[in-house]
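Down below is the structure, laid out as structure tokens.
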Amino acid sequence: MTSKEFDIIYRKNYPTLYRLAFSMLRDDEECRDLVNEVFTDLLDNEDNNSIKNIDGYLFRTVRNKALSIISHRSTLERFKQLYPLEMNTNSSYDSDYDRKLLKVKEFLDSNLAPNARDAIRLVFEKGLSYKDAAEQLNVSVAMINKHIVKTLKMLRAEFKIEK
């Protein structure tokens, strides 16, 4: 298919395909994306010259893609409705753990010097090595180690954790 033939097909069918998609999806941006994706697929398809009824092909493709989007939406909606129920019945979820973790974070935020707090966050939250944390904070690896050791001692004392 030449670019001129494609241009004619695009101009002829775009408005109708957009209306079809909009009647199914009711989302302007999603409809434009869908119709443009169908035309892009047509242009990329090396066998596009073998399509006998191009208008029918375009309409079927838009309809099928719109139905796929609707199916995906309904799956997401079902998941959103079921997820809170699952969380309430899931015995492995420990909200007490979340409360304890929040207490630890609050303790660290209120009791650590900014440099120590930064070192802890880089090592434990971001998973950086002592060396990488030291480079990022522009301090020595020994200083990172000192912050970590001091903080762990504070946590053990505050929350009565045994070694």
Quick one: ring pair (Phe, Tyr, Trp, His ring centres under 6.0 Å) partners of Tyr14, sequence neighbours excluded?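 Tyr14 satisfies ring pair (Phe, Tyr, Trp, His ring centres under 6.0 Å) with Tyr10 once adjacent residues are dropped.
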For a 4.5 angstrom cut-off between non-hydrogen side-chain atoms, does [X] reach [Y]?
X: His147; Y: Ile120; result: no
X: Leu112; Y: Met154; result: yes
X: Asn53; Y: Tyr57; result: no
X: Lys65; Y: Met24; result: no
X: Val38; Y: Leu58; result: yes

Donor-acceptor contact below 3.5 Å, side chain Thr40 vs main chain Asn36: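 Between the backbone of Asn36 and the side chain of Thr40 there is a qualifying donor-acceptor contact (under 3.5 Å).
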Would you find a donor on one side and an acceptor on the other, under 3.5 Å apart, between the side chain of Arg73 and the backbone of Leu25?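 Pair found, side chain donor or acceptor close to backbone of Leu25.
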Between Arg121 and Asp109, does the salt bridge (charged side-chain N to carboxylate O under 4.0 Å, His left out) criterion hold? Intermediate values first, please. CA-CA 10 Å; Arg121 285 202 171 111; Asp109 286 340; 2.5 Å; yes
Stepwise salt bridge (charged side-chain N to carboxylate O under 4.0 Å, His left out) check, Arg11 with Asp7: CA-CA 6 Å; Arg11 290 175 191 273; Asp7 190 49; 3.0 Å; yes
Reported CG-to-CG distance for the pair Leu108 and Leu155, which is rounded to 0.5 angstrom: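 Taking CG in Leu108 and CG in Leu155, the distance rounds to 5.0 Å.
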If you measure only the distance, is there a donor-acceptor pair under 3.5 Å linking the side chains of Tyr18 and Asp28?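 Yes, because at least one side-chain N or O of Tyr18 sits under 3.5 Å from a partner of the opposite role on Asp28.
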Restricting to side chain to side chain contact (heavy atoms under 4.5 Å, CB included), what partner residues turn up for Glu29, sequence neighbours left out?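 Side chain to side chain contact (heavy atoms under 4.5 Å, CB included) check on Glu29 returns Asp27, Arg32, Asp33.
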